Amino acid sequence: MNHIKKIGEAFTRERDRWPLWAPLAIGAGIAIYFQLPFEPPLWALAAMPLLIIPVLLVRNYFGLMIALSIPVLIAIGFNAGQMETKLVEAPMLGKQIGPTGVTGRLVYTELMPQGIRLTLKNPQIDRLPMEQTPLKVRVRMKNETLADVPPTGSLVNLWAELGPFSEPVAPHATDFRWQAYFKQLGGLGWSMGEIRLTDSNPPVPSWRDKFSLAFEHARLVLTQHVYTYLSGDAAAMTAARLNGEQTGISEPVINAMRIAGLAHLLSTSGFHVTIMGLLVYFPLRAILALIPWIALRYPIKKWAAFGAILSTIGYTLLVGSPAATLRSMIMTGIAMLGVLVDRPATVMRLVMLSAAIVMLILPEAILGPSFQMSFAAVLCLIAAYERAPGWTAGEPKVNLPAWIEPIWKHLYAIIRTSLIATAATTPFSIYHFGTFSFYGFAANALAIPLTSFWVMPCILLAYITVPFGWDGPFITGAGWGVGIIIKIAMMVARWPYALLHASAMPAASLVAVILGGLWLCLWRRRWRFLGLLPVLAGMLYPLYTALPDFMVTADGKEWAVRLADGRLAVPTLRKDKFVFEQWQERLGNPDLVDIRDLPDNDNRLRCDNAGCVYRLGGHVLAVPRVDEAALEDCDHADIVVAPFIIRDCAAKTVIDDTELWNHGAHVIYFSGGKMRIDYARGRRGMRPWSVGWKNQ
């Protein structure tokens, strides 16, 4: 009882920190909505207003009011997810179409390492009814360049083959179809033909379309300017700083940046938005201070803050609005708003308020790595510097020459910040990507100063001078800095053990880490260290998490089995590399081997022209290739998996074309004499982004 009483007293003493937990309740409501196996009815939107009534009735009892507010916040998050889903609802393709004629408005152009990628809005697809036609489709064109692209907003026609976005290749794996739904992308495809201009200036139906087309036109102009002065990956990464597009960066550079822990510099992140705001605030204030007539008569600090707000909003709109940039824009905006109204913002409340706002604007973002890693890094940095325990209290005492001391202090601050941010983002990196960059702090210590003091100032000056055609030297300068960052990434990526791989983290483990991390960061008193227990329990997931022994895709064409030495055996290495890479990622990056390269005496897997048989733990799993083999396998196998329909089978478990269509990708676990089957579609249920969903 004494322990309970002490916890209660500690909880009461920290009542000023209670509101900081509100975003967690909102996020819980959003997560509950997206995890439902069915789409809730619209009358569920009435839950939040009804739940507010009890809160108002007990508003004079602070503790009870706080307790009753938790369901309200959960309902707000739930309703936000439901409303966002309804607002962006649009048809999605469920099967391959074409090659066929496609006509639509060109709203987005992306440069790829080979070719370009176009996004067409309100397309007309031959032989597809309008009620089944997506709002947007994305088409890859390998033989075209930026010079071949018509003006943004044009009506174009092309010959393309379209299809749906891929489903998860395993339970809890990345769902590209879900991601596309909230971008209102209903299909993707490719075209080997040419772009035909139908109308260069069709009428634009709404002000929103005019607004987005204006920014897309600006992005395209900036991209063209970059490639006028630069080339290769330096041009692609510089363009990413200017317009938010990273699709033009080659795969080797992307891999090197990820291995080196510099992936946050590939695309526009919250770091870049903050730098952009500060690059406007401090110089503008300094310039105004140099003019006595203005500095003595007007609030130049507020003018500079207003300029910083405008710059961060403009930069966010120009590079798109992913969760990380939106978070940084909101945080910077609120901080500068505090300057305008002479009310300094509390940093911890600032970050949690911005989290709540982003959740309500982009509820789907909380399930993605951008939101999670961005907020984790910022929250942990603020908590560490807020309390300044031990090694975060200041620079270690080192006797250095006076001219070196400022450099050392800056370098130490970067290393310290990198270590904290790396520790904060590691669980999310493992959960979403199955990797951990071992030397990320070293790479960031070199790359971040270069980005902050050279690349981003050049980018800002390029923005300012591009209307006058004077942006060339600044784009060239930014490209020079980006080129050095690429060399740093390539160097660090070659170091031994630069990238460590881990098996897929269960969602429950990540939830434990999140709850423990919040407990550690949001409270002030010593009881906050209790949060280390769930963090430790979550990070030890490999000790209690089993790896699947057999995996098969939703169409049944690709499958893999785990061999005794941990390698993955697949039907052929020449087919779907994308699927195999995702399976490798989830199993800790084991090597792939073609079944044709296995020795004849392999104890687990044996194959012939008719199919394969996998034996483990007393179970027999057969993968027939033809109907005749399936009939034979049904007599002696426990499990039969085939990409066609099997009838009258004596096997205990049959996973055929019908079963795969109903449940999607399957994974099978063998443990001793027991077997467990899990599948992807069953966890998602029937939602608006699911294959087979029909509008009611």
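Worth saying up front: this structure is predicted, and the values here are computed from it rather than measured.
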When you look at His666 and Val641, which way does the side chain to side chain contact (heavy atoms under 4.5 Å, CB included) test go after all the steps? CA-CA 10 Å; His666 283 56; Val641 181; over 6 Å; no

pair [X]-[Y]: side-chain heavy atoms closer than 4.5 Å:
X      : Y      : answer
Phe670 : Ile639 : yes
Met675 : Thr653 : yes
Val593 : Leu568 : no
Leu20  : Arg349 : yes
Phe375 : Pro23  : no
Tyr679 : Val667 : no
Ile486 : Ile488 : no
Val535 : Leu515 : no

With rounding to the nearest 0.5 angstrom, report the [atom1] to [atom2] distance, [X] to [Y].
X      : Y      : atom1 : atom2 : answer
Met331 : Leu350 : CE    : CG    : 4.5 Å
Met237 : Leu265 : CE    : CG    : 6.5 Å
Ile32  : Leu36  : CD1   : CG    : 8.0 Å
Phe436 : Thr425 : CZ    : OG1   : 8.5 Å
Ile448 : Ser418 : CD1   : OG    : 4.5 Å
Asn589 : Thr435 : CG    : OG1   : 9.5 Å

Please name the pair of heavy atoms, one in [X] and one in [Y], separated by the smallest distance, quoted to 0.1 Å.
X      : Y      : value
Ser354 : Ile330 : CB-CG2, 3.7 Å
Gly27  : Met359 : N-SD, 3.7 Å
Ile420 : Ala384 : CD1-CB, 3.7 Å
Ala424 : Cys380 : CB-SG, 3.4 Å
Ala546 : Tyr669 : O-CE2, 3.6 Å
Pro534 : Gly516 : CG-CA, 3.5 Å

Above 12 or not: heavy atoms from other molecules or residues under 6.0 Å from [atom1] of [X]?
X      : atom1 : result
Phe182 : CZ    : yes
Arg13  : CZ    : yes
Tyr544 : OH    : yes

Compute the centroid of each ring, for [X] and then for [Y], and state whether the two points are separated by less than 6.0 Å.
X      : Y      : answer
Trp559 : Trp583 : no
Phe578 : Phe176 : yes
Trp178 : Phe34  : yes
Phe371 : Phe428 : no

What do the steps show when you test Phe78 against Tyr33 for ring-ring contact (aromatic ring centres under 6.0 Å, His included), and what is the final call? CA-CA 5 Å; Phe78 188 95; Tyr33 167 77; 5.5 Å; yes

Main chain of [Y], side chain of [X]: is a donor-acceptor contact present, judged purely on distance under 3.5 Å?
X      : Y      : result
Ser690 : Arg687 : yes
Arg586 : Leu547 : no
Glu84  : Pro363 : no
Arg17  : Leu522 : yes

After noting the C-alpha distance and the side-chain angles of Met539 and Ile430, does the key distance pass the side chain to side chain contact (heavy atoms under 4.5 Å, CB included) rule? CA-CA 10 Å; Met539 294 305 295; Ile430 293 174; 3.9 Å; yes

According to side chain to side chain donor-acceptor pair (under 3.5 Å), who are the partners of Thr553, at least two apart in sequence or on a separate chain?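 Here the qualifying residues are Asp555.
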
Do the charged groups of [X] and [Y] touch, with an N to O distance under 4.0 Å?
X      : Y      : answer
Asp591 : Arg567 : no
Arg524 : Asp16  : yes
Asp175 : Arg177 : no

Less than 3.5 Å apart, any donor N or O on the side chain of [X] or [Y] sitting next to an acceptor on the other?
X      : Y      : result
Thr312 : Thr332 : no
Trp527 : Glu14  : yes
Arg562 : Tyr614 : no
His432 : Gln372 : yes

Applying side chain to side chain donor-acceptor pair (under 3.5 Å) as the test, list every pair that has at least one member in residues 436-447; sequence neighbours left out.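 Passing the test, one end in residues 436-447: His264-Asn444.
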
Show, in sequence, the C-alpha distance, side-chain angles and deciding distance for Gln584 and Leu592, and conclude whether the side chain to side chain contact (heavy atoms under 4.5 Å, CB included) test is met. CA-CA 8 Å; Gln584 283 180 290; Leu592 291 178; 3.7 Å; yes

Kindly determine whether Ser509 and Tyr431 satisfy side chain to side chain contact (heavy atoms under 4.5 Å, CB included), including the steps that lead there. CA-CA 9 Å; Ser509 299; Tyr431 178 80; over 6 Å; no

